[in-house]
Amino acid sequence: MALATFGAGCFWGVEYFFKKVTGVTDCTCGYMGGKDQFTRYEDVKKGISGHAEVVQVEYDPTLVSFEDLLDIFWQNHNPTTLNQQGGDIGSQYRSTVFFHNKQQKTAAEAAKLALVRSQKWGSRAIVTEIVPCQLFHKAEEYHQDYLAKNDLPSCHISY
């Protein structure tokens, strides 16, 4: 199994679309990229910890590639809005790929460049960060599978 970590707004929606992918064995909502060794939702939500809401995706690379996961990531959020996805505003909702190794970094940078060249977003800049994986903090249990537990649709907007 391999790991990939993505931030694309509210982690409930990010978890929702990755859980549907064949080859993804687990998705865990959490926080990454902040200044504290320990954090909790209340601090992340207020934007005071510096963490992003992320989903750590465990996947079988013989069934789904990291590049395939990147395609899903790009298709399910707006990578041109700095620190915002829809009505969720703040650095905790930033668009980011936390790479786990050099191959993921290279693939993420190539995919970002291909997206820029595609002109899908016109002249708007792609603001997605591509940064090294940091300490992952698993979100509180009530955040895991939140949409399924509460029989809610995805909170992400299709782009």
Side-chain angles (χ1 to χ4, degrees), residues 2-21 24-59 66 69-102 104-109 111-113 115-116 121 123-159:
L3 291 176
T5 307
F6 301 99
C10 171
F11 49 29
W12 299 338
V14 179
E15 176 191 45
Y16 175 84
F17 58 75
F18 278 116
K19 277 197 163 224
K20 298 168 109 184
V21 177
V24 169
T25 58
D26 195 24
C27 291
T28 305
C29 292
Y31 318 111
M32 189 175 282
K35 58 187 179 239
D36 299 327
Q37 290 297 319
F38 175 78
T39 195
R40 57 196 180 102
Y41 182 66
E42 290 77 18
D43 297 330
V44 175
K45 185 175 173 121
K46 290 177 189 173
I48 61 175
S49 73
H51 291 85
E53 288 193 11
V54 299
V55 172
Q56 190 154 292
V57 178
E58 183 180 296
Y59 65 100
F66 181 71
L69 297 177
L70 283 168
D71 287 344
I72 293 161
F73 168 75
W74 297 119
Q75 292 168 15
N76 285 281
H77 80 292
N78 182 340
T80 70
T81 53
L82 184 63
N83 298 330
Q84 178 179 358
Q85 287 301 310
D88 294 325
I89 300 171
S91 64
Q92 66 272 35
Y93 302 112
R94 64 189 177 268
S95 174
T96 187
V97 176
F98 286 99
F99 60 85
H100 290 255
N101 55 48
K102 185 178 179 185
Q104 285 187 355
K105 177 184 180 188
T106 300
E109 289 171 344
K112 182 177 176 179
L113 181 59
L115 184 61
V116 169
W121 296 96
S123 62
R124 293 184 282 173
I126 305 299
V127 297
T128 304
E129 300 174 331
I130 299 172
V131 295
C133 185
Q134 299 174 22
L135 180 62
F136 177 75
H137 303 273
K138 182 178 178 182
E140 296 78 0
E141 190 55 38
Y142 69 91
H143 289 297
Q144 311 304 324
D145 294 311
Y146 184 86
L147 297 178
K149 287 177 187 173
N150 293 284
D151 196 28
L152 297 169
S154 172
C155 53
H156 270 68
I157 301 166
S158 296
Y159 295 96

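Model, not experiment: these values are computed from the prediction. Residue indices begin at 1 and follow the sequence shown.
For Thr5, the side-chain hydrogen bond (donor to acceptor under 3.5 Å, both in side chains) test picks out Gln56, His100, with sequence neighbours left out. Residues satisfying the side-chain contact (heavy atoms from CB on, under 4.5 Å) test with Leu113, not counting sequence neighbours, are Arg117. Every residue meeting the side-chain contact (heavy atoms from CB on, under 4.5 Å) condition with Gln92, not counting sequence neighbours, appears here in chain and number order: Val44. Residues passing the side-chain contact (heavy atoms from CB on, under 4.5 Å) test with Thr25, sequence neighbours excluded: Met1, Glu58. Take Thr80 and apply the side-chain contact (heavy atoms from CB on, under 4.5 Å) test, not counting sequence neighbours, and it matches Asn78, Trp121, Arg124, Ile126. With sequence neighbours left out, Phe73 forms a ring-ring contact (aromatic ring centres under 6.0 Å, His included) with Phe6, His77.
The shortest heavy-atom contact between Ala108 and Val97 is CB-CG1, 4.0 Å. Across all non-hydrogen atoms, the minimal contact from Leu70 to Ala111 is CD1-CB, 4.0 Å. Between Gly9 and Val14, the shortest heavy-atom contact is O-CG2, 4.4 Å. Of all the heavy atoms in Gly30 and Phe11, the pair that sits closest is O-CD2, 3.4 Å. In terms of heavy atoms, Gly33 sits closest to Arg94 at O-NH2, 3.5 Å. Closest heavy-atom contact between Lys138 and Tyr31: O-CE1, 4.4 Å.
For the atom pair CD of Glu140 and NE2 of His143, the computed distance is 4.5 Å after rounding to the nearest 0.5 Å. One finds the CD atom of Glu15 at 4.5 Å from the CG atom of Asp145 (value rounded to the nearest 0.5 Å). With rounding to the nearest 0.5 Å, the separation of CG in Asp71 from CZ in Phe66 is 10.5 Å. Between the NZ atom in Lys112 and the OG atom in Ser95 there is a gap of 8.0 Å [rounded to 0.5 Å]. Expressed to the nearest 0.5 Å, how far CD of Glu42 lies from CD1 of Ile48 amounts to 10.0 Å. Annotation: the span from Asp88 atom CG to Glu53 atom CD amounts to 7.5 Å, rounded to 0.5 Å.
Of the possible donor and acceptor atoms, one in the side chain of Gln104 sits under 3.5 Å from a partner among the backbone N and O of Leu3. In terms of modelled atom types and a separation under 3.5 Å, the side chain of Gln85 and the main chain of Cys10 share no donor-acceptor contact. Not one N or O on the side chain of Gln144 forms a donor-acceptor pair closer than 3.5 Å with the backbone of Thr28. In this structure a side-chain-to-backbone donor-acceptor pair under 3.5 Å is missing from Lys45 to Arg40.
Using a 4.0 Å cut-off between charged nitrogen and carboxylate oxygen, Asp43 and Lys46 do not count as a salt-bridge pair.
Side-chain atoms of Leu69 and Val24, non-hydrogen and from C-beta on, do get closer than 4.5 Å to each other. Within the 4.5 Å cutoff, no side-chain heavy atoms of Lys20 are placed close to those of Ile72. Between Cys133 and Phe99, every side-chain heavy-atom pair lies at or beyond the 4.5 Å cut-off.
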Side chain to side chain contact (heavy atoms under 4.5 Å, CB included) for Tyr16 and Asn76? Distances and angles first, verdict last. CA-CA 10 Å; Tyr16 175 84; Asn76 285 281; over 6 Å; no
Gln84 vs Tyr93, side chain to side chain contact (heavy atoms under 4.5 Å, CB included): CA-CA, chis, key distance, verdict: CA-CA 6 Å; Gln84 178 179 358; Tyr93 302 112; over 6 Å; no
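Within a 6.0 Å radius of NZ in Lys19, more than 12 heavy atoms belonging to other residues, nucleotides or ligands are found.
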